[in-house]
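Right, one structure below, let's go through it.
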Amino acid sequence: MHPFEYSRVADASHALVSGAKPQTKFVAGGTNLIDLMKCEVERPTRLVDINALPLATIEAVKGGIRIGALARMSDVAANPLVRQHAPAISQALLASASPQLRNAASIGGNLMQRTRCPYFRELTWTPCNKRNPGSGCSAIQGDNRMHAILGTSEHCIATHPSDFAVAVAALDGVIALRGPSGERHVAAVDFHLLPGSTPQIEHGLKHDELITSVFIPDASHTRRSSYLKVRDRASYEFALSSAAVGLDIDDHTIRSARIALGGVGTKPWRAHAAESALTAQPPSIDVFRRAAEAEMSKARGYGHNDFKIELAKRTLVRALTDLAGGAA
Ligand SMILES: Cc1cc2nc3c(=O)[nH]c(=O)nc-3n(C[C@H](O)[C@H](O)[C@H](O)COP(=O)(O)OP(=O)(O)OC[C@H]3O[C@@H](n4cnc5c(N)ncnc54)[C@H](O)[C@@H]3O)c2cc1C
Ligand code: SF4
């Protein structure tokens, strides 16, 4: 591990001044950053510990709930407001990592975690455009079983690893960011970026900005929401495929649907085509399957991960069927 300076800050303005210095990273739970520093993918020369900032509150606010960026994954998952108001958020967090990690890790850090593509994390596999721009992508012709089928480019096919980010994208979450000139808000669906020709640029957060909170608006489809994750092991494993779904059903008709997919996209994948295919339809397996087909029509496999195209459709159909109460 490369040497680095370490400092703790107790207020946001101090954090922003310290964080703006070059080669500086904020550290919260450290469960992703320190890992990447140990394998030398990340080499900050300064770490600013933000854990003392007052950003861990989970509260009801006008129009929804606000979750502080330093709230721990386990606290958010267990919070009664979150469980009642946005069950998909709680379920996505409980399906993530392990209890020990969830106790340590923050939701701000969760949104910012980096891909689990093995070529990205293994320095001896030199070509990786995300780690070393312009060097090539080892996964496209290599072992790509875990990789993305939506939003890929010829430069990178890595999936975004977060479960929480998928649920937040589905439920129209808004991320609050604080920088030197004040606070701004970004829709969660726009926060993470497609790889295009610059896969090293993963999100819209500027170097001198801090995530302060995540807002989840209240809506019928938010209250009736769930998260389904399919993975190689039943726990402690990243998604092969996942679906965060929210449905507002009235008089046997879907009034509104919210869907995002995980484990298959280069970013948390908001499924607008599937949502449109569901709206004003009766909840039935045929309708759910048509919605899944519509969303996956642009999916592309790279060999080992071809199976994900059908798996993602089945994940979505099952998630919708369960949420609709076994509609058939
Ligand atoms: C074995 C293992 C299994 C895992 N399984 C899963 C899984 O199944 N699903 C899943 O979703 N995740 C999984 N994770 C990832 C885990 O959830 C993340 O490591 C964790 O959420 C990161 O949070 P943290 O607070 O530890 O972030 P840190 O490691 O402290 O920081 C991560 C990044 O976020 C930045 N950062 C942190 N807070 C802020 C902030 N407020 N503002 C701006 N930048 C910030 C840091 O600078 C750093 O770049 C797993 C991790 C491990 C090690
Ligand atoms: S998929 Fe992306 S992260 Fe993985 S090797 Fe290719 S460029 Fe690197």
Side-chain angles (χ1 to χ4, degrees), residues 12 15-16 19 24-37 41-42 44 47-51 53 55-56 68-74 76 92-98 100-122 125-144 146-148 152-167 175-179 195 199-200 202-203 205-214 229 231 233 235-239 242 262-263 266 268 302:
L16 292 175
T24 302
K25 285 259 175 188
F26 295 124
V27 64
T31 61
N32 188 235
L33 180 59
I34 305 298
D35 216 11
L36 291 171
M37 288 170 67
V41 169
E42 297 271 15
L47 282 194
V48 178
D49 184 333
I50 55 174
N51 286 294
L53 301 186
L55 295 177
L70 285 168
R72 265 41 205 182
M73 290 169 71
S74 50
V76 179
L93 287 166
L94 288 174
S96 305
S98 67
Q100 292 93 333
L101 282 160
R102 296 196 294 268
N103 286 341
S106 68
I107 58 128
N110 186 284
L111 293 174
M112 293 288 289
Q113 66 176 296
R114 305 199 70 190
T115 184
R116 309 303 286 199
C117 172
Y119 302 106
F120 171 71
R121 300 171 69 88
E122 177 52 76
W125 292 93
T126 308
C128 172
N129 286 323
K130 194 182 273 296
R131 173 169 41 73
N132 184 12
S135 62
C137 172
S138 298
I140 289 176
Q141 300 296 330
D143 179 354
N144 51 45
M146 296 298 288
H147 286 72
T152 56
S153 76
E154 60 184 298
H155 302 280
C156 182
I157 60 169
T159 50
H160 192 275
S162 168
D163 293 294
F164 172 71
V166 174
I175 302 173
L177 310 174
R178 182 152 170 204
Q200 73 279 12
E202 296 167 352
H203 50 74
L205 187 80
K206 296 183 192 142
H207 176 66
D208 56 0
E209 285 182 319
L210 193 60
I211 300 175
T212 53
S213 65
V214 175
K229 179 173 178 180
R231 46 193 158 167
R233 284 186 304 234
S235 75
Y236 207 27
E237 184 56 282
F238 290 90
S242 71
T266 50
Y302 288 83

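Below, each value reflects all heavy atoms present in this structure, side chains not excepted, and no hydrogens, waters or symmetry copies. Counting convention: from 1, in listed order, for ligands and their atoms alike. Residue numbers start at 1 and run along the sequence shown.
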Would you say atom 4 (Fe) of ligand 2 has Cys128 as a near neighbour, meaning an N/O/S atom of that residue under 2.8 Å away?
no
Evaluating non-hydrogen atoms only, which member of Ile50, Asn110, Leu93 is closest to atom 39 (C) of ligand 1?
Ile50
For the side chain of [X] and the backbone of [Y], is there at least one donor-acceptor N/O pair under 3.5 Å apart?
X: Ser213; Y: Ala176; result: no
X: Asn144; Y: Ile140; result: yes
X: Lys229; Y: Ala95; result: yes
X: Arg231; Y: Phe238; result: no
X: Tyr302; Y: Ala148; result: no
X: Arg131; Y: Phe120; result: yes
X: His155; Y: Gly134; result: no
X: Thr159; Y: Gly263; result: no
X: Ser135; Y: Cys128; result: yes

Top protein contact for [atom], by heavy-atom distance:
atom: atom 49 (O) of ligand 1; value: Lys25 NZ, 3.7 Å
atom: atom 41 (N) of ligand 1; value: Ile211 O, 3.0 Å
atom: atom 12 (N) of ligand 1; value: Gln113 NE2, 3.3 Å
atom: atom 38 (N) of ligand 1; value: Gly109 N, 3.6 Å
atom: atom 9 (N) of ligand 1; value: Asp163 OD2, 2.7 Å
atom: atom 6 (Fe) of ligand 2; value: Cys137 SG, 2.3 Å
atom: atom 34 (O) of ligand 1; value: Met112 CB, 3.1 Å
atom: atom 2 (Fe) of ligand 2; value: Cys156 SG, 2.4 Å
atom: atom 4 (Fe) of ligand 2; value: Cys117 SG, 2.3 Å
atom: atom 2 (C) of ligand 1; value: Leu101 CD1, 3.4 Å
atom: atom 50 (C) of ligand 1; value: Phe238 CZ, 3.4 Å

Test your reading of the structure: does [X] have an N or O sitting under 3.5 Å from an N or O of ligand 1?
X: Thr31; answer: yes
X: Ala105; answer: no
X: Phe26; answer: yes
X: Ala97; answer: yes
X: Gly29; answer: yes
X: Ser106; answer: yes
X: Asp35; answer: no

Atoms of ligand 2, numbered as shown, that sit under 4.0 Å from any heavy atom of [X]:
X: Tyr119; value: 5 (S)
X: Ala158; value: 1 (S), 2 (Fe), 3 (S)
X: His155; value: 7 (S)
X: Ile157; value: 1 (S)
X: Lys130; value: 3 (S), 7 (S)
X: Ser138; value: 5 (S)
X: Phe120; value: 3 (S)
X: Asn129; value: 7 (S), 8 (Fe)

Are side-chain heavy atoms of [X] and [Y] found at a separation under 4.5 Å?
X: Ile211; Y: Ile107; result: no
X: Leu55; Y: Ile50; result: no
X: Leu111; Y: Val214; result: yes
X: Asp35; Y: Arg121; result: yes
X: Arg114; Y: Lys130; result: yes
X: Met73; Y: Ser106; result: no

Look up atom [atom1] in [X] and atom [atom2] in [Y], then write down how far apart they are to the nearest 0.5 Å.
X: Ile175; Y: Met112; atom1: CD1; atom2: CE; value: 9.5 Å
X: Glu122; Y: Thr126; atom1: CD; atom2: OG1; value: 9.5 Å
X: Leu47; Y: Leu33; atom1: CG; atom2: CG; value: 5.5 Å
X: Asn110; Y: Asn32; atom1: CG; atom2: CG; value: 9.0 Å
X: Thr152; Y: Ile157; atom1: OG1; atom2: CD1; value: 7.0 Å
X: Arg116; Y: Ser162; atom1: CZ; atom2: OG; value: 11.5 Å

For [X], counting its heavy atoms only, list the atoms of ligand 1 lying under 4.0 Å from any of them.
X: Leu210; answer: 42 (N)
X: Asn32; answer: 19 (O), 29 (O)
X: Leu205; answer: 43 (C)
X: Ser162; answer: 11 (O)
X: Tyr236; answer: 1 (C)
X: Glu237; answer: 8 (O)

Less than 4.0 Å is my threshold; does some heavy atom of [X] fall inside it relative to ligand 1?
X: Met73; value: yes
X: Arg102; value: no
X: Arg114; value: no

Under-4.0 Å heavy-atom contact with ligand 1, by part of Glu202 that carries it
neither
Heavy-atom pairs closer than 4.0 Å: do any link ligand 1 to the side chain of Pro161, the backbone, both, or neither?
backbone
Using a cut-off of 6.0 Å, state whether more than 12 heavy atoms not belonging to Gln141 lie near its atom CD.
no
